[in-house]
Structure formats: C-alpha cells, structure tokens
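So the structure is just underneath, and the comments pick up after that.
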2 protein chains.
Amino acid sequence: MSQSQSPKKIRQKKLKEYLQENPFLTDDDLAEIFGVSVQTIRLDRLALGIPEVRKRIKSVAEEAFGGVRSLDEGELLGKLLDIELGQYAVSVMDITKEMVSEHGHVRGHVLYAQASSLAIAVIDSEIVLTGSARVRFKRPVLLGEKVIAKATVKTRKGASYLVSVHSKVDNDLVFKGHFIMVAPEKKRQ
Amino acid sequence: MSQSQSPKKIRQKKLKEYLQENPFLTDDDLAEIFGVSVQTIRLDRLALGIPEVRKRIKSVAEEAFGGVRSLDEGELLGKLLDIELGQYAVSVMDITKEMVSEHGHVRGHVLYAQASSLAIAVIDSEIVLTGSARVRFKRPVLLGEKVIAKATVKTRKGASYLVSVHSKVDNDLVFKGHFIMVAPEKKRQ
DNA sequence: GCTCGTATTAGTACCAGATATTATAAACAA
DNA sequence: TTGTTTATAATATCTGGTACTAATACGAGC
C-alpha cells in the first residue's frame with residue numbers, strides 16, 4: 001500500500017466515477033473492466049456504500065418519473081411540472097456538474113435545450129420541429145442552481161406556432177427565447 | 001365470457017393502463033391489486049407483451065439517461081477539423097441515435113449545441129459566454145448523416161463578438177445561426 | 001345430470017444479480 | 001518469520017422473475 005494512493009483507493013475512486021457515468025453496469029461487467037474478481041468489486045461497493053445495479057437503475061428511473069407524465073417524453077430536458085397542451089408548459093432542471101464548463105458557468109446550449117424541448121412539448125402535435133429561434137442569455141447560471149422554464153404559445157398560423165420561453169433562477173430571469181415551431185403533419189385531434 | 005367485455009379483457013386493459021401509470025409494481029403487487037393470483041398476472045403480461053418489472057424500470061431509466069447524455073459530450077460537440085483562433089473554426093458531428101427523436105429527426109438543440117460550442121471555441125479567450133443568438137433550421141437532419149459546421153468571426157466590439165455559423169450536410173445548408181459571444185475576462189494573449 | 005372449453009391457480013425447475021458470511025491465498029512490511 | 005492488509009473463492013440465501021406442466025373452477029350446451 002504505502003504513501004499517496006494505494007491501488008485499492010485508486011480503483012475505488014475510479015469505480016465511483018465510472019458508476020456515476022454509467023449506472024447500468026453489473027458487478028460482472030465491472031470485474032472485467034477493472035481486471036479484478038467479482039468479489040473485490042462487491043467489497044469495493046460495500047466500502048463505498050454503492051447499491052447493486054438494480055437499485056441504481058431504479059433510482060435513475062424514479063428520479064425521471066417524478067414529473068408530470070403526460071406524453072412520452074424521454075425527449076424533454078428537465079422535469080415537466082405542469083402542462084396545458086397548446087397553451088403553456090413549465091419544467092424545472094437542476095444544474096449538475098456535467099452541464100457546466102470548467103469555469104462553473106452553465107453552457108448556453110443546456111438552457112437552450114431545456115427551452116427548446118419544452119417548446120416542442122407544449123405543441124399538441126405528433127411531429128414538431130424548430131423552424132427558427134431568437135434567444136438571449138441574461139445572466140450566467142451556476143452549478144447547483146435550479147432553472148424553471150415556462151413556455152407559452154403566443155400565436156399560431158396554420159402549422160406554425162410562436163412559442164415564447166422564459167427561464168428563471170430564484171425568480172431572476174436568466175434566459176429568454178422565441179421559437180418558431182412547425183408541426184408539418186396533421187394535428188393530434 | 002359473453003357479449004361486450006369478458007372480465008379477462010377488462011382486467012388486461014386495466015393492467016396495461018395501470019402499468020403505464022406506474023411501471024414499478026411487481027407481479028406480486030399487481031396480483032393483490034387486482035385480486036387474482038400471481039400466475040394470472042403473469043399470463044396477462046405474457047398475452048399483452050409486457051416485460052417484467054426490472055426491464056420496465058430499466059427502460060424508464062435508459063430513456064431518461066439518454067436525454068442528459070446527448071449534451072454531456074464535453075466542451076465541444078463534434079470533432080474539431082480546423083481552427084484559426086479569432087477567425088474561423090470547423091467541426092464535424094455524426095448523428096447517432098441518441099440525438100434523434102422517435103421520428104428520426106435530429107433534435108434542434110443538438111445542432112444548436114454543435115454551433116454554439118464551435119462559436120465558443122473560435123474565440124481566443126479563457127471565458128466565453130453566449131449573449132444572444134438567432135438560429136434558423138433549414139431542413140431536418142436524419143440519423144446517420146454527417147453535419148459539418150463552420151463558425152466565422154464577423155465583427156468584434158470590445159469584449160463582444162459576432163460569430164456566424166453555417167452547418168451543412170452534403171453541402172446542403174441545414175442550419176444557420178448568428179451568435180453574439182461575450183468574453184468578459186481578459187483575453188488570453 | 002354430464003361433458004367441453006376457457007380461465008384460473010398451483011407447483012416445479014431454473015435464471016440473473018445480487019447479499020452475507022466464512023475460508024483461503026497472495027503481497028508485503030517489520 | 002510473523003502479522004496485517006488485500007484479494008479471491010466458495011457456499012447459502014434472497015427477489016422477481018421465465019418456462020413449463022398439471023390441476024381445478026366455472027359456465028354453456030345438450
């Protein structure tokens with residue numbers, strides 16, 4: 001063992017990171033990846049307090065399942081809080097470390113993605129595409145903050161919709177965008 | 001059995017709805033809820049083609065994980081082909097299945113992310129944020145296509161840059177955007 | 001009544017991916 | 001050499017199933 005980092009500690013640290021990235025791996029998979037026995041992996045998980053693969057998967061699923069479950073939206077970024085199809089939709093997104101740059105600022109495309117996917121969800125049509133968008137970032141968003149976006153359908157001309165999205169952190173406007181959405185196919189009802 | 005609805009059919013229909021609402025229930029739970037034996041539930045699931053609870057949970061988890069996954073790709077989305085700091089940058093991105101919706105169209109925020117991250121990369125400064133953007137999607141992009149984006153710095157006013165991005169598939173314009181980028185800190189050199 | 005057919009329930013063997021525990025081997029330091 | 005940590009192995013047990021076979025219940029038709 002010895003000074004700075006025993007191979008055990010290193011492996012356990014990597015294991016933790018690995019499972020954060022991909023919680024779907026079984027102990028068997030992990031044993032192969034790390035070149036150790038299954039029992040060693042189990043001991044490591046025990047030491048680190050990491051639950052078994054099925055519980056990990058369940059946690060991921062439950063987290064995602066929290067919001068309003070109206071449409072099939074693996075598409076949506078963030079958690080849908082409220083929706084009135086064709087009128088408005090609200091979602092919340094927690095800023096995790098994968099979303100920020102090395103300087104701690106949320107990358108703009110993350111806020112854009114939340115807004116854009118919400119604009120898609122609010123339109124009552126099977127297929128919805130973005131035609132164009134104008135977005136403005138009002139202030140940087142930081143790690144750990146909670147962004148609440150609200151999309152409102154403003155006008156509709158045929159298959160074309162104007163959707164406005166406002167995103168706030170603690171009631172503080174951080175992002176504003178106008179999306180022209182197009183629903184090329186027939187409407188749902 | 002008889003006329004309109006046999007009790008079996010009714011139960012199976014309800015079972016299906018029930019699991020859509022709550023995929024986390026075991027056969028044991030379901031047997032209790034419906035007041036039938038576990039075996040009956042299993043037969044029903046078999047008839048309806050509904051997988052076991054662990055597979056249902058896994059599906060929910062994977063769907064949710066795919067969403068965050070697609071923007072998790074590090075700082076730059078796509079592969080940088082060429083760059084002249086402060087002038088232009090070119091990147092290429094292969095459209096993989098995580099990037100497309102169930103209808104096979106690339107989600108707009110993916111193209112936005114490629115463009116936006118390229119606009120950040122082209123500016124010669126430590127910290128770069130997007131101030132605002134105007135984007136236009138010219139035609140849908142499909143699974144398997146290869147998107148080449150080119151970002152060009154048009155003008156600069158102090159800490160503010162205007163970057164124009166054009167993305168093409170087979171020399172066919174699919175996306176066009178103007179980004180106002182801000183580099184609030186001191187420049188790199 | 002009896003018989004046929006569907007629906008339901010029961011029982012058994014097996015599987016994946018674990019937990020929990022005990023035993024043994026290897027690696028190395030004092 | 002002796003002791004300690006680390007790794008591996010082996011075994012019993014658990015959950016929530018699949019897959020298959022067998023037994024039973026229930027109603028319809030005659």
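Letters A, B, ... are given to chains in the order of the sequence lines, protein chains preceding strands, and every chain is numbered from 1. Everything quoted here is computed from the prediction, not taken from an experiment.
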Might you list the N or O atoms of the protein lying below 3.5 Å from N or O atoms in nucleotides 12-16 of chain D, with each pair's distance?
residue, atom, partner, partner atom, Å
D/dG16, O4', B/Arg54, NH2, 2.5
D/dG16, N9, B/Arg54, NH2, 3.3
D/dG16, N3, B/Arg54, NH2, 2.6

Atom pair distance, as rounded to whole Å: [atom1] in [X] and [atom2] in [N]:
X       : N      : atom1 : atom2 : value
A/Leu30 : D/dA7  : CG    : C1'   : 17 Å
A/Asp44 : C/dA18 : CG    : C1'   : 16 Å
B/Phe34 : C/dT9  : CZ    : P     : 13 Å
B/Gln39 : D/dT24 : CD    : C1'   : 13 Å
B/Gln12 : C/dT6  : CD    : P     : 15 Å
A/Lys8  : C/dA27 : NZ    : C1'   : 14 Å
B/Arg45 : D/dA19 : CZ    : C1'   : 12 Å
A/Lys58 : C/dG17 : NZ    : C1'   : 15 Å

Could you say whether A/Leu25 or A/Leu43 is positioned toward the 5' end of DNA chain C, judged by the nucleotide with the nearest heavy atom to each?
A/Leu25
Within the 4.0 Å heavy-atom criterion, would you say B/Val36 contacts the bases, only the backbone, or no part of the nucleic acid?
sugar-phosphate
Side-chain contact test, heavy atoms from C-beta onward, threshold under 4.5 Å: evaluate it for A/Lys13 versus A/Ile10 and give yes or no.
no
Does A/Ser37 make a side-chain N or O approach to OP1 or OP2 of D/dA7 shorter than 4.0 Å?
no
Output all residues satisfying side-chain hydrogen bond (donor to acceptor under 3.5 Å, both in side chains) with [X], sequence neighbours left out; order by chain, then residue number.
X       : value
A/Ser91 : A/Gln114
B/Glu84 : none
B/Ser37 : B/Thr40

For B/Tyr88, give me all partners under ring pair (Phe, Tyr, Trp, His ring centres under 6.0 Å), at least two apart in sequence or on another chain.
none
Looking at residues at least two apart in the chain, or sitting in another chain, which of them share a ring pair (Phe, Tyr, Trp, His ring centres under 6.0 Å) with B/Tyr112?
A/Tyr112, B/Phe179
Between A/Arg139 and A/Glu145, does at least one N-O distance fall below 4.0 Å, as a salt bridge requires?
yes
